Amino acid sequence: MNDHQRSSKTVTLEDLLRIKRAERPPAEFWASFEKSLRAKQLAAIVEKRPWWYSWRPVFRWSVPAGAVAAVAVTVLSLRSGGGLAEAPQTGREIATAIPVQSEPASLERVALQPETAVAPASSFDAPRHAAEPVVVAAAESVQSSAPAAVVPAERTPSGALASVSEQISGVAVASVQTSPVSVTTAATESEMRPGADFGAFFERAVAHLDEGFRTMKQPSSEPLAQLTTPKDARRARLLAFGSSVDANSPMYSNASNVLRSRERITSHLNDEALYDSIRRLGVKGNGVSIQF
Amino acid sequence: MNVGSKALDKTLVASPERQQEADSDWAVVQQVQAGDLPAFDKLILKYRERVYGVIYNMTSNREDAADLTQDAFIKAFQSIHRFQGQSSFFTWLYRIAVNSTLTHLRKARLRTFFSFEKINEEDKTAEIISILTDKSGGDRELFVKELQEKLNEAMQKLSIKHRTVVTLFEIDGLSHEEIAEVMDCSVGTVRSRLHYAKQLLQAELQAYTRL
């Protein structure tokens, strides 16, 4: 190509970029390149990266965020649904409360808890009393002068528990009149542990109580067992009054004196039963005397 | 002409040869996956110049280009057991190299240190340089150096993505479809970026194209 031809030819952008393509390293560069590449390759083989290495940028932000989220979820779950997690404990509490009915002092310990509402089983309404302690009792229990079982409502997991409690209350009332039937004996150690199957535990407890009820029905027909003292009758009357007063009812919303008297009655009943039980116990010589 | 430049020429020809190349690469990859680790050296030898060329033209720095090329091969070596042959090996390798370079460029955006390779004056390139030197009327060596600087400056004025498209298409000779696969975007996006980048380069280098 002569000078004239060269000068007449135009250079395009593609031609200029072709010059860029021609920029290449010298041969000796590849020798050092291969050497360092080999070293890196060996290091890569020896130091095998952990599986999470490629997720490093994600972990940098997600781990603190995840920890915060986990704490938030835990706090929320404890606030809103804490009762569900403690459902087995509720079962244990019921189980311990039921045999207590034959021991008035223990029963009063349960009844003395603040915000304790006494209600007959017929008026038991789990959703309505969701914020109040659930009282497992029956109409007959008034006659037998002892509320059946008191379970804090905030630990009640669902309405299913309420129906189970109603069943238990019916059976438990019968046990009050005779020797106590310990539900705890119906439950095995594994069932009493937190986290155990709550439903299975209740089924066993109810079955055991039911069995006890059937076997103990016979002695209750004895004339002495059917006797009720005037004190019991009074207590039953007061208890019936106290249970018929519903603090949430619009009828009693403004009647503060009625509510106050209900509290007084409840307190009186509790104190009376407590002192009654203490009076019955005594020490005589080397033995302990029990007054019937 | 060494192995790398032969391979570079191959990429500029039609797709049957590219397919043949992909098949031979896949055979080597299967060897490596089967435990024949030294077989990976064949792939390094075959593609190192092309990969280096792409990275060098994206970074305009020979030291960075060398490090990033090595890193790309190491990453490919580490994850070769995950390569299933759904794309050609060189597309997969290019994707690793381009992504590593893009990450590097985003991190070192403020650093503008250029280092040039020597122009390998072969047939066509020598002719173009001669034409430009004749028209400018200056010293050839000085002119080449100045041209190199101007070309690098013009390339660095492009955005990272536009620079990558120009490098892969005009310098490395990949097709629009291959660039779309490497850059994980549509062919239309590749064409659009290429058109825009060429307009910018034309404006920057008009002093040479109008000589």
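Owing to the predicted nature of the structure, the values given are computational and were not obtained by experimental measurement. Chain identifiers are assigned alphabetically (A, B, ...) following the order of the sequence lines, protein sequences preceding nucleic acid strands; residue numbering begins at 1 within each chain.
Using a 4.5 Å heavy-atom threshold, the side chains of Asp71(B) and Lys40(A) count as touching. Side-chain contact check for Trp30(A) versus Glu49(B): some heavy-atom pair is nearer than 4.5 Å. The shortest distance between side-chain heavy atoms of Ile19(A) and Leu132(B) falls below 4.5 Å.
With rounding to the nearest 0.5 Å, the separation of NZ in Lys150(B) from CG in Leu16(A) is 12.5 Å. In this structure, CG on Leu201(B) lies 6.0 Å from CG on Leu17(A), to the nearest 0.5 angstrom. In this structure, Ile128(B) CD1 and Asp15(A) CG are separated by 4.0 Å, a value rounded to the nearest 0.5 Å. With rounding to the nearest 0.5 angstrom, the OG1 atom of Thr12(A) is 11.0 Å from the CG atom of Leu205(B). A distance of 9.0 Å separates CG of Leu151(B) from CG of Leu13(A), quoted to the nearest 0.5 Å. With rounding to the nearest 0.5 Å, the separation of NZ in Lys20(A) from CG in Leu147(B) is 10.0 Å.
For the pair Arg21(A) (side chain) and Glu170(B) (backbone), a donor-acceptor distance under 3.5 Å is present.
Residue contact with chain A, scored on non-hydrogen atoms closer than 4.5 Å, involves the side chain of Asp41(B) exclusively. For a residue to count as touching a neighbouring chain, one of its non-hydrogen atoms must lie under 4.5 Å from one of that chain's; by this rule Lys198(B) touches chain A with backbone and side chain alike.
Residues Phe33(A) and Gln70(B) approach most closely at O-NE2, 3.2 Å, considering heavy atoms.
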